[in-house]
**Student:** 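I have a structure here, written as C-alpha cells, and I will follow up with some questions on it.
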Amino acid sequence: WIKEKDPKDDPRLASVYEDVKKRTDQEIDNIYRVHSLDAKALENHKNLYEHLMFGESELSRKEREMIAVVVSSANGCPYCVSHHEEALRHVTDDHALMEKIAEDYASAPLTKREKAMLDYAYKLTKTPYRMMHDDIVCLRLMKLSDLAIFEINQIVAYFNYVNRIVFGLGVELEKR
C-alpha cells in the first residue's frame, strides 16, 4: 500500500538487496521490498532475521520454523505462514506435519518439547498479558536452557512484529 524505492536510486538499498540475493538465490521477497524506503531498517531487519532463523542456536532449524508457522498462523498471516511452511517443508520434508502445524499445531504429532515450545509461542502471541513464570517453568521441565527460552521468545516476538508489518502495509505474497 506504500510506494517502494528503486534500488538504483539508493546504493545502500542496492547493496542490501544484493546481499539478500546471494543468500537466497531468489528475487527479493515483498517483506524486504516494503522496507525499501529505509535501507538501514531493512539491513537491521535482515540481520535480525538471519540471526534468529539461521544463526548459532540451541534450537534446531525445524523448531525455529515451527515457531514461525505457529505464530503466523495464530495471527492469521497467510504471507508468513506460506513462507515458513515452505521453509519447514524444506527442513523436514514432511508435508503432512507442516500442514497440520499450520492448521492446528495442538493436534499435530509433536514431541513433548516441541509441544511445550509451541504452546508458549501460541500463548505469547494470542494472550501475552497472561504470561506467567509457570510458562517458563514448563519449558525448563523440557530441559530447555534459559538461552533456548530467550531464543524462543525472540522468534515469537520477531514474527509478531513481521506479521504486523505485513498486515499494516498490505504486503502480498509473491507470485513465483
Side-chain angles (χ1 to χ4, degrees), residues 20 23-24 29-32 34-35 41-169 171 173:
V20 169
R23 190 184 61 76
T24 64
D29 289 337
N30 289 342
I31 193 64
Y32 284 147
V34 79
H35 285 75
L42 170 59
E43 188 171 28
N44 289 330
H45 179 155
K46 178 191 79 65
N47 290 339
L48 179 60
Y49 171 73
E50 289 177 357
H51 172 72
L52 293 175
M53 299 307 287
F54 299 99
E56 189 175 315
S57 174
E58 292 187 19
L59 304 176
S60 70
R61 284 275 300 126
K62 176 185 174 187
E63 291 168 335
R64 292 183 257 184
E65 292 296 348
M66 289 170 65
I67 293 166
V69 170
V70 166
V71 169
S72 298
S73 179
N75 282 323
C77 184
Y79 180 93
C80 291
V81 168
S82 177
H83 273 269
H84 291 281
E85 191 177 19
E86 180 182 322
L88 194 47
R89 279 192 199 109
H90 178 74
V91 171
T92 68
D93 203 30
D94 186 341
H95 298 265
L97 176 63
M98 300 320 105
E99 288 176 13
K100 192 67 172 167
I101 289 170
E103 287 173 21
D104 177 23
Y105 83 91
S107 65
L110 303 169
T111 67
K112 287 181 182 181
R113 173 187 162 111
E114 291 167 343
K115 176 82 166 62
M117 290 184 341
L118 298 181
D119 284 345
Y120 176 90
Y122 185 84
K123 182 177 180 181
L124 183 55
T125 297
K126 295 301 274 185
T127 56
Y129 52 89
R130 291 195 174 150
M131 298 305 292
M132 305 179 188
H133 181 256
D134 286 349
D135 297 308
I136 300 297
V137 171
C138 287
L139 295 173
R140 284 188 180 133
L141 290 173
M142 294 297 117
K143 308 292 185 220
L144 288 155
S145 72
D146 284 355
L147 176 58
I149 294 166
F150 177 76
E151 291 171 342
I152 294 165
N153 181 276
Q154 293 297 290
I155 294 167
V156 171
Y158 171 81
F159 280 95
N160 275 288
Y161 161 73
V162 172
N163 292 170
R164 274 124 186 102
I165 291 172
V166 168
F167 288 130
L169 297 176
V171 179
L173 198 57

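Positions are given from 1 along the sequence.
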**Student:** If you draw a 6.0 Å radius around CZ in Phe150, do more than 12 non-hydrogen atoms from other residues or ligands fall strictly inside?
**Tutor:**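 At most 12 heavy atoms, drawn from other residues, nucleotides or ligands, come within 6.0 Å of this atom.
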
**Student:** Check whether any side-chain heavy atom of Met53 lies under 4.5 Å from a side-chain heavy atom of Arg61, and answer yes or no.
**Tutor:**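 Result yes, sub-4.5 Å side-chain heavy-atom pair found.
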
**Student:** Kindly give the heavy-atom pair with the smallest separation between Ser73 and Ala102, and that separation in Å.
**Tutor:** OG-O, 2.6 Å

**Student:** Between Arg64 and Leu52, is there a donor-acceptor pair closer than 3.5 Å when you use the side chain of the first and the backbone of the second?
**Tutor:** yes

**Student:** Output yes when Lys123 and Asp119 qualify as a salt bridge under the 4.0 Å nitrogen-oxygen rule, no when they do not.
**Tutor:** no

**Student:** Got Tyr120 and Asn153 here, is their nearest side-chain heavy-atom distance under 4.5 Å?
**Tutor:**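 Side-chain contact under 4.5 Å: yes.
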
**Student:** Should the pair Arg130-Asp135 be classified as a salt bridge under the 4.0 Å nitrogen-to-oxygen rule?
**Tutor:** no

**Student:** Examine Tyr158 together with His45 and report whether their ring centres are nearer than 6.0 Å.
**Tutor:** yes

**Student:** Do side-chain atoms of Glu151 reach the backbone of Glu58 as a donor and acceptor pair under 3.5 angstrom?
**Tutor:** yes

**Student:** Any heavy-atom pair between the side chains of Val20 and Asp29 that's under 4.5 Å?
**Tutor:** no

**Student:** Between the side chains of Lys62 and Glu114, is the shortest nitrogen-to-carboxylate-oxygen separation below 4.0 Å, so that they form an ion pair?
**Tutor:** yes

**Student:** Taking atom CG of Asn160 and atom CZ of Arg164, what is their separation to the nearest 0.5 Å?
**Tutor:** 4.5 Å

